Amino acid sequence: MLDPRLFRTDLDFVTEQLKRRSFNFNPEFYVDLEVRRKAVQIKTQELQNERNSRSKAIGQAKAKGQDVQALLDEVQQFGDALKTAETELSAIQQQMEVLMEGIPNILDASVPEGKSEELNVELSRWGDVPVFDFEAKDHVDLGTQLKGIDFELGVKIASSRFVVLTGPLARLQRAIIQLMLDTHAADHGYDETYVPFLVNAQSLRGTGQLPKFEADLFKASDEPALYLIPTAEVPVTNRVRDDIIEAKDLPLKYVCHSPCFRSEAGAYGRDVRGMIRQHQFEKVELVQIVKPEDSEQAHEELTQHAENILKKLNLPYRKMLLCAGDTGFSSAKTYDLEVWLPGQGAYREISSCSNFRDFQARRLQARWRNPETGKPELVHTINGSGLAAGRTLIAVMENYQDADGNITIPEALLPYMGGLHVISSGSN
RNA sequence: GGAGAAAUGGCCGAGUGGCCGAUGGCGCACGCCUGGAAAGUGUGUAUACGGUAACGUAUCGAGGGUUCGAAUCCCUCUUUCUCCGCCA
């Protein structure tokens, strides 16, 4: 959610900024609502004040044993007017809430213009794209040949966009997850955390998935209302909902491995081959809760932490700055890391690192006590994948394949593979 | 799943219809006292919204209701604790 004060003081700026996202914001509608809100709120509070002071007078008169009937008659007149005003006020407030909750974050000045991903800006490349003297297979062919990836089994057990991993490839994904957790915890200073994979609506509201993006979620239960998490960002960031954090405890840095569940509504026909786009996938998520003044640097660092995993695995990648149209609803600025997939001959997203500034914090009421002012102020939140484990598995398979379809285990993963150096049809 | 008890400020805890945003204590902050410290002592110490401000309004787990007036009475829900059952 954006700062309501910004709307009151600089509506033109807000309108202009939202235009960058092609978000259709109607300032006249807002102003009309705000003017009514103010008038009705003042009126309501005046009536409440009248009632309170008269009720007090009744109490005092009663204590003195005086007759209070005249006072009672008088105060009763306020009753109806007050009730009407209160009802009207809460209706207006609710409308305002709905309006504000549906407005996306304001983009950072450095975010490039553009309506879709073609206009994302490449900032850097790392690593050498492997050159094979044979035709590179994709992970589907590799995985099928190795009898480690079974898409039909996923369909049989669940539905399309589910997969079953078996044997050394299943272990390879676990090794990837272990490497990520260990690296982020030991080298990058994150606290490992384990969280619920079902969350309530309030948590999803806090990080911005609700109310706008309910269609992207799997609802697991109506009573109580619980949803499968689309990312560990939701439960991890909601650790600090309604908290006031002491300055000395910041920054908070969490790393969390979890499965992620996405309905992929609206993605019909996209990435249907392989396990690029699944309803369920594993991911290691990085979350930082920081002082506002530190968020920009923390965002850069967190992105580097994700990059370090790609470097450890020696996977070629490029770093993209998302353009205005491709930046997520809650984000002010997002870097995507895209890994090279020889099977597709293309770079594909493997991590998305975003600075939300105070957008999530305002919805979460997540604050810190600023020693300079003594007041609770909103924190900034940052998160990113470090990395998506399923796609990392694909990247390792495709980049480390040989002419026979065997996969050499990257050095960094050897400690987690129990002595296995190569995954071949024979290794089980 | 069954039975019972409870939920008040950072923490403990008082408050059963009116002058209660809430006594008191602990903690914390700033003073006083002291050579310094401890002890003692004084003052302050929630959040949000509106207002230039004075100040006003709301909030005692959440939501609804009764009442001129609710922390206090009624209803629903949530959470916690104890006992029993079941279970990884």
Side-chain angles (χ1 to χ4, degrees), chain A residues 1-9 11 30-101 194-206 210 221-227 235 238-250 252 358-379:
Chain A
M1 209 156 74
L2 293 170
D3 189 350
R5 270 166 293 200
L6 193 61
F7 285 74
R8 289 174 210 156
T9 56
L11 194 58
Y30 166 81
V31 168
D32 174 61
L33 196 58
E34 172 62 11
V35 165
R36 276 163 55 215
R37 192 220 97 228
K38 202 165 193 168
V40 176
Q41 180 165 345
I42 288 169
K43 187 177 157 205
T44 305
Q45 294 192 350
E46 272 171 4
L47 286 167
Q48 284 171 329
N49 187 15
E50 289 284 354
R51 181 206 60 197
N52 288 349
S53 55
R54 271 153 221 262
S55 291
K56 228 167 232 185
I58 291 172
Q60 282 163 354
K62 251 188 175 167
K64 288 182 200 149
Q66 295 167 347
D67 179 41
V68 294
Q69 193 53 49
L71 284 166
L72 280 177
D73 294 343
E74 196 183 312
V75 82
Q76 218 142 18
Q77 295 177 341
F78 288 105
D80 290 340
L82 179 58
K83 221 162 241 173
T84 309
E86 280 177 337
T87 307
E88 196 183 346
L89 179 61
S90 82
I92 290 173
Q93 282 173 333
Q94 206 171 337
Q95 274 184 62
M96 188 59 100
E97 180 90 5
V98 168
L99 176 69
M100 296 298 282
E101 267 193 337
Y194 173 82
V195 294
F197 300 152
L198 295 175
V199 292
N200 57 39
Q202 215 183 340
S203 291
L204 288 157
R205 196 170 296 274
L210 286 182
S221 150
D222 279 320
E223 195 55 53
L226 290 171
Y227 299 80
N238 271 276
R239 289 176 64 115
V240 297
R241 190 175 75 222
D242 297 326
D243 278 355
I244 299 172
I245 304 156
E246 293 304 321
K248 65 173 167 55
D249 295 328
L250 292 175
L252 296 172
D358 61 11
F359 187 88
Q360 290 183 326
R362 188 169 291 106
R363 297 166 83 103
L364 292 159
Q365 280 302 299
R367 293 165 296 174
W368 69 299
R369 197 171 293 278
N370 185 347
E372 283 173 29
T373 61
K375 293 271 177 199
E377 296 172 15
L378 295 169
V379 296

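Since this is a predicted model, take the numbers as computed values, not measurements. Convention: sequence-line order gives letters A, B, ...; per-chain numbering from 1.
In this structure, A:E377 and A:W368 have side chains that are in contact, with non-hydrogen atoms separated by less than 4.5 Å. You'll find the side chain of A:R362 reaches within 4.5 Å of the side chain of A:P4, heavy atoms only.
Contact check on A:K83 versus A:E86 returns no salt bridge, with no Lys/Arg side-chain nitrogen under 4.0 Å from an Asp/Glu carboxylate oxygen.
Remark: the separation of the P atoms in B:rU59 and B:rG65 is 13 Å, to the nearest Å. The C1' atoms of B:rA22 and B:rG15 are separated by 8 Å, rounded to the nearest whole Å. Here, B:rU82 and B:rU47 have their P atoms 33 Å apart, quoted to the whole Å. Rounded to a whole angstrom, the distance from the C1' atom of B:rC12 to that of B:rU23 is 14 Å. Taking the P atom of each, B:rG61 and B:rA6 are spaced 14 Å apart, rounded to whole Å. Comparing the C1' positions of B:rG18 and B:rA70 gives a spacing of 10 Å, expressed to the nearest Å. Spacing of P atoms, B:rG25 relative to B:rC81, comes out at 31 Å, to the nearest Å. When the P atom is used for both B:rG4 and B:rU8, the distance is 22 Å, rounded to whole Å.
Judged by distance alone, the side chain of A:D243 and the main-chain N or O of A:I245 form no donor-acceptor pair under 3.5 Å.
Pairing of B:rG21, defined by two Watson-Crick or G-U wobble distances under 3.5 Å, is not identified with any nucleotide. Pairing of B:rU43, defined by two Watson-Crick or G-U wobble distances under 3.5 Å, is identified with B:rA29. B:rG56 is paired with B:rC49 under the Watson-Crick or G-U wobble criterion, all donor-acceptor distances under 3.5 Å. When Watson-Crick and G-U wobble pairs are counted only if both distances are under 3.5 Å, B:rG61 pairs with B:rC77. The pairing partner recorded for B:rA38 is none, the criterion being a Watson-Crick or G-U wobble arrangement whose two distances lie under 3.5 angstrom. When both pairing distances are held under 3.5 Å, B:rG15 makes a Watson-Crick or G-U pair with B:rU8. The partner of B:rC83, taking Watson-Crick or G-U wobble pairs whose two distances both stay under 3.5 Å, is B:rG2. Under the Watson-Crick or G-U wobble criterion, with both distances below 3.5 Å, B:rA71 is left unpaired in every strand shown.
For the pair A:D242 CG and B:rG9 P, the interatomic distance rounds to 14 Å; values are reported in whole Å.
If you take CD on A:E50 and OG on A:S55, they are separated by 11.0 Å, rounding to the nearest 0.5 Å. Between the CG atom of A:N52 and the CG atom of A:L47 there is a distance of 11.0 Å, given to the nearest 0.5 Å. To the nearest 0.5 Å, atom CD of residue A:E34 and atom CG of residue A:L99 are 10.5 Å apart.
For the side chain to side chain contact (heavy atoms under 4.5 Å, CB included) with A:M1, the lone residue among A:R205, A:R363, A:Q360 that qualifies is A:R363. Looking at A:R37, A:K38, A:K43 one by one, the single match for side chain to side chain contact (heavy atoms under 4.5 Å, CB included) with A:Q41 turns out to be A:R37.
Side-chain contact, A:N200 with A:S203: a donor N or O sits under 3.5 Å from an acceptor N or O.
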Listing time: all N or O pairs from protein to nucleotides 28-30 of chain B that are below 3.5 Å?
none

query: Where along nucleotides 47-70 of chain B does protein come under 4.0 Å, by heavy atom, of base (B) or sugar-phosphate alone (S), with - for untouched nucleotides?
result: SSBSS----BBS---------BS-
